[in-house]
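Just so you know, these numbers use all the heavy atoms, side chains as well, and skip hydrogens, waters and symmetry mates.
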Amino acid sequence: MAVTSFKTSSMTTGSKRARVWDQFSSPGNFESIATNIVGAGGASFILFSNIPQTYNYLEIRFSAQTTDTANSGLGNNRMNGYFNGDETATNYYSHYLDGYGTGVGSAAEQSAKWAGDASRTNSSGWGTSIITILDYTNTNKFKTIRSFSAVNTNDSNNGLSRMGSGLWRSTAAITSIKIVPESGTLKQNSSFALYGVI
Amino acid sequence: MPATYEPISSTILTSNTSSITFSNIPQTYTDITLVVNDINSTGSFDTLVRFNGDSGSNYSRTGLRGNGSTASSYSQTNLSAINLCSDGSAEYARPAIVNIINYSNATTNKTVISRANVASQGVNLLAQLWRNTSAINSITILSSSTFASGASFSLYGIKAA
C-alpha cells in the first residue's frame, strides 16, 4: 500500500495512533557511549577504549571518591587523563581556576591533570566533574579539553569549585581515554559515563 | 537509538510565584539537569533549591565568583537549601544550569555542579552538597522574594548506557 500522506500530527496525536515522536527529541545528537561503575574491590583506573569516531565531541561525567587518606575526609583528589595510551606528562598541559571557600587560586602545569577531581576517602561529598573534549577525531589539531569540577564536604576550608582546561599535544584522533587518580584508588560506586555529541 | 538527553518537565510562569516544584521525578536516568532562567521585579534575591522537600540544615556550598574586576570565593555550611545565586537585577534574567550527577543512587550523598550568572553583576561556579543518600524524586526551587512572570524552569534527564 503506497504512502499518500505523511503529517507530523499523524505521528504525535490521535486516539488510534501510538505517540511515536515527541516533536523534540533528536536521537543521535547526544548519545551514551559507555559507562564504568567501580565494583567491590575498587579500581586503579578507568578505561574507555575503542571510542567511536562518529561524533564531534565527547563528554565525560563522573562521580568518584578515592582511597587517598592524605587529609582524609576532606578535599579533592585530582585525576590524570591519558589519551591513546600516551602517559607522558610532558605531552599534556593543564590550567585551572579554583574557588576553595577561603580564597581563589590558579595554576598551570605540564601534566595530564585535566581530568577533573574526585574526593578523598570518607568525605561526605563525592567529587563530581563534567569534562568536554572538543574535536576529538580531528587529525589536524592538538586536542583541547574543558572541565568543571565540584567537591564539597560541608567544611568551610575544603570544598572546591574548579574550572579547568587541558591540552594534549597530539594530532591523533582519540580512540581511548584512561583516567587515573593522582593518589589512591577509586572506591566502589564511583561511576564514569562517556557521551558522544554530534 | 533511544534518546539520551531528554526533557522531563518545563514551566514558564504566567504570574509572580514564590516557588515551583518538580515532583515524581522518574528514576530511570543517570543524571538530571535543571535549567533556570529567573527574574525578579525588585532586583537582588536568592534562588534556593531543595531536594525531596528537605528543609533541614543538610546543604552546603563552595563558590567561585567573578564580578568583572575581582575573583573571589565563598563557602557556607549547614544551610537549609542550596543557594544558586544572590546576584540579581530587575532588568536582566539570571540563567543557571544545575547538574545533579547520579541523582537516583541511594548510596552516596548528592554533589551538584552549578553555574549561575547575572549579566550586569557576575558569574558563579558552585560546588554544592546535599548530605542525604536518598534518591532525588522532587526538586523545589524557591525565591527569597518572588519569581516574576516569564521566569522559566526546565528539567532534563541524561541516561548513561
Distance from [X] atom [atom1] to [Y] atom [atom2], nearest 0.5 Å?
| X | Y | atom1 | atom2 | result |
| --- | --- | --- | --- | --- |
| A:Ile37 | B:Thr30 | CD1 | OG1 | 7.5 Å |
| B:Leu64 | A:Tyr100 | CG | OH | 11.0 Å |
| A:Tyr195 | B:Lys159 | OH | NZ | 9.0 Å |
| A:Asp98 | B:Thr62 | CG | OG1 | 11.0 Å |
| B:Thr108 | A:Gln65 | OG1 | CD | 9.0 Å |

field: Minimal non-hydrogen separation, B:Asn99 against A:Arg61, with atom names
entry: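 Taking every non-hydrogen atom into account, OD1-NH2, 3.3 Å.
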query: Minimum heavy-atom separation for B:Thr111 to A:Trp126, with atom names?
result: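 B:Thr111 and A:Trp126 have their closest heavy atoms at OG1-O, 2.7 Å.
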Do [X] and [Y] belong together in a cluster built from hydrophobic side chains that touch within less than 4.5 Å?
| X | Y | answer |
| --- | --- | --- |
| A:Ile177 | A:Leu167 | no |
| A:Tyr136 | A:Tyr93 | no |
| A:Leu186 | A:Phe45 | yes |
| B:Phe51 | B:Ile101 | no |
| A:Ile133 | A:Phe148 | no |

message: Taking side chain as everything from C-beta outward and backbone as N, CA, C, O, which of these in B:Thr107 sits under 4.5 Å from a heavy atom of chain A? Side chain, backbone, both or neither.
response: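 Contact with chain A is through the side chain of B:Thr107 alone.
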field: Side chain, backbone, both or neither of B:Asn78 within contact of chain A (heavy atoms, under 4.5 Å)
entry: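 The answer is both parts of B:Asn78.
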So, [X] side chain and [Y] main chain: donor-acceptor pair closer than 3.5 Å or not?
| X | Y | result |
| --- | --- | --- |
| A:Thr35 | B:Ala161 | yes |
| A:Ser156 | B:Ser75 | no |
| A:Ser161 | B:Ala127 | yes |
| B:Asn109 | A:Gly125 | no |
| B:Thr4 | A:Ser32 | yes |

With heavy-atom distances below 4.5 Å as the criterion, would you say the side chains of [X] and [Y] are in contact?
| X | Y | result |
| --- | --- | --- |
| B:Tyr5 | A:Asn29 | no |
| A:Asn154 | B:Tyr59 | no |
| B:Ile113 | A:Ile130 | yes |

task: Classify the side-chain pair B:Arg61/A:Asn152 by whether it contains a donor and acceptor separated by less than 3.5 Å.
output: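 No.
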Residues B:Asn102 and A:Ser191: side-chain donor-acceptor under 3.5 angstrom: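 Short answer, yes.
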task: Answer with side chain, backbone, both or neither: which region of A:Ser129 has an atom nearer than 4.5 Å to a non-hydrogen atom of chain B?
output: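 Answer is backbone: N, CA, C or O of A:Ser129 sit under 4.5 Å from chain B.
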